[in-house]
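Below is one structure, written out as structure tokens; the observations come after it.
The analysis underlying the following values was restricted to heavy atoms, covering all of them including side chains, and did not include hydrogens, waters or symmetry mates.
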Amino acid sequence: MIKVAIATKSAEKIAGIKEAMYRIYKAKQEIQFYYKAVESGVSIQPFGEETYLGAINRLHKIKKEFPEMDYYVSCEAGIEETFGQFFNVQVVCVETRDRKTLWGKSAGLSIPPEHIEKIKAGTLDSYLRGKGISKIEEITGMSRREFITQATELALASEKLQRSRNN
């Protein structure tokens with residue numbers, strides 16, 4: 001039995017993390033999930049490294065809520081800047097039973113640079129709602145769950161990479 005603690009109560013995020021765990025471990029009946037919402041300790045709309053800080057903060061807090069788990073998983077959405085371009089990404093942080101920290105990141109939706117100041121004044125969600133967009137899926141064709149699944153699978157895949165380095 002694999003025990004997984006997830007640092008959220010968002011049904012979409014939980015579904016994405018579960019899907020990734022099932023794919024990686026191919027054993028639905030052998031995974032037990034626990035979840036609780038915990039604070040990130042960062043801005044409501046994180047930018048840059050603050051996104052990663054929010055994910056690691058959530059991870060540390062969920063560990064206190066559920067000791068003795070095999071995996072702890074947290075996620076944080078944020079906006080990254082690279083070469084003057086801005087991308088909305090989902091960042092996932094996983095801690096394994098042997099206490100290795102793994103990171104994964106989703107593909108990123110490119111946000112026009114001229115719109116960033118409006119987003120900084122609120123959030124990406126409020127900005128999108130102001131444009132008549134209620135869900136990210138309306139513009140990307142992918143749900144938040146799919147972005148979380150992608151980032152979680154990439155984090156878990158890095159565990160396999162770490163193991164292969166030691167061989």
Side-chain angles (χ1 to χ4, degrees), residues 4-21 23 33-66 71-96 100-159 161:
V4 180
I6 303 172
T8 187
K9 282 197 121 179
S10 162
E12 238 182 327
K13 290 178 179 181
I14 291 167
I17 292 165
K18 283 182 172 184
E19 186 174 331
M21 296 295 290
R23 276 192 208 159
F33 295 94
Y34 305 84
Y35 22 88
K36 182 174 183 172
V38 295
E39 292 297 318
S40 68
V42 299
S43 304
I44 192 166
Q45 179 58 74
F47 277 80
E49 289 184 6
E50 191 178 29
T51 308
Y52 295 83
L53 180 60
I56 198 78
N57 286 347
R58 289 182 196 275
L59 187 91
H60 292 309
K61 289 177 182 177
I62 198 68
K63 286 172 57 178
K64 291 177 183 174
E65 297 291 330
F66 298 99
Y71 289 89
Y72 296 94
V73 184
S74 67
C75 47
E76 187 75 31
I79 297 174
E80 294 185 335
E81 179 183 3
T82 303
F83 296 110
Q85 300 301 307
F86 296 87
F87 300 91
N88 177 54
V89 296
Q90 295 286 337
V91 171
V92 170
C93 184
V94 177
E95 185 175 294
T96 66
K100 289 183 180 159
T101 303
L102 312 170
W103 293 91
K105 179 171 66 172
S106 71
L109 168 67
S110 180
I111 301 167
E114 62 271 15
H115 297 212
I116 288 300
E117 291 308 315
K118 291 178 185 174
I119 294 168
K120 284 183 177 179
T123 66
L124 178 61
D125 286 342
S126 63
Y127 170 75
L128 292 173
R129 280 192 299 279
K131 295 182 106 12
I133 300 165
S134 62
K135 293 192 276 185
I136 198 80
E137 190 170 2
E138 293 174 28
I139 53 178
T140 65
M142 290 176 62
S143 67
R144 176 182 281 177
R145 177 191 54 76
E146 291 171 292
F147 284 110
I148 294 290
T149 299
Q150 180 185 65
T152 305
E153 287 175 336
L154 291 169
L156 293 170
S158 70
E159 180 182 25
L161 181 62

Of all the heavy-atom pairs spanning Ala77 and Gln90, show the shortest one and how long it is. CB-NE2, 3.4 Å
State, yes or no, whether a side-chain contact exists between Trp103 and Ile56 at a heavy-atom distance under 4.5 Å. yes
Answer yes or no: is there a donor N or O on one side and an acceptor on the other, between the side chain of Glu159 and the main chain of Thr96, under 3.5 Å? no
Could you measure the distance from the CE atom of Met21 to the CD atom of Glu153? Nearest 0.5 Å is fine. 11.0 Å
Derivation of the side chain to side chain contact (heavy atoms under 4.5 Å, CB included) call for Glu12 and Ile148: CA-CA 8 Å; Glu12 238 182 327; Ile148 294 290; over 6 Å; no
Give a yes or no on whether Glu114 atom CD has more than 12 heavy-atom contacts from other residues, nucleotides or ligands under 6.0 Å away. yes
Would you indicate whether the side-chain heavy atoms of Ile119 and Phe47 approach each other to under 4.5 Å? yes
Cation-pi check, Lys36 to Phe66: give yes when NZ or CZ is under 6.0 Å from the six-membered ring centre and within 45° of the ring axis, no otherwise. no
Can you confirm whether Asn88 sits close enough to Phe147 that some side-chain heavy atom of one is under 4.5 Å from a side-chain heavy atom of the other? no
Side-chain donor-acceptor pair under 3.5 Å between Glu65 and Tyr72, yes or no? no
In Å and rounded to the nearest 0.5 Å, what is the CD1 to CD1 distance from Ile6 to Ile17? 4.5 Å
Approximate separation, where rounding is to 0.5 Å, of Ser74 OG and Ile62 CD1: 9.0 Å
CG of Leu124 to CD1 of Ile116, rounded to nearest 0.5 Å, is 8.0 Å
What's the spacing between Met142 CE and Glu137 CD if we round to 0.5 Å? 9.5 Å
Is there a donor-acceptor pair under 3.5 Å between the side chain of Ser143 and the backbone N or O of Glu146? yes
Can you check whether Leu156 reaches Tyr71 side chain to side chain, under 4.5 Å on heavy atoms? yes
For the CG atom of Leu53 and the CD atom of Glu76, what is their distance to the nearest 0.5 Å? 9.0 Å
Is any side-chain heavy atom of Arg144 closer than 4.5 Å to a side-chain heavy atom of Lys13? yes
Does Thr149 use its side chain to pair, donor to acceptor, with the backbone of Ala20 at less than 3.5 Å? no
Give a yes or no on this: more than 12 heavy atoms of other residues, nucleotides or ligands lie within 6.0 Å of atom CD of Glu138. yes
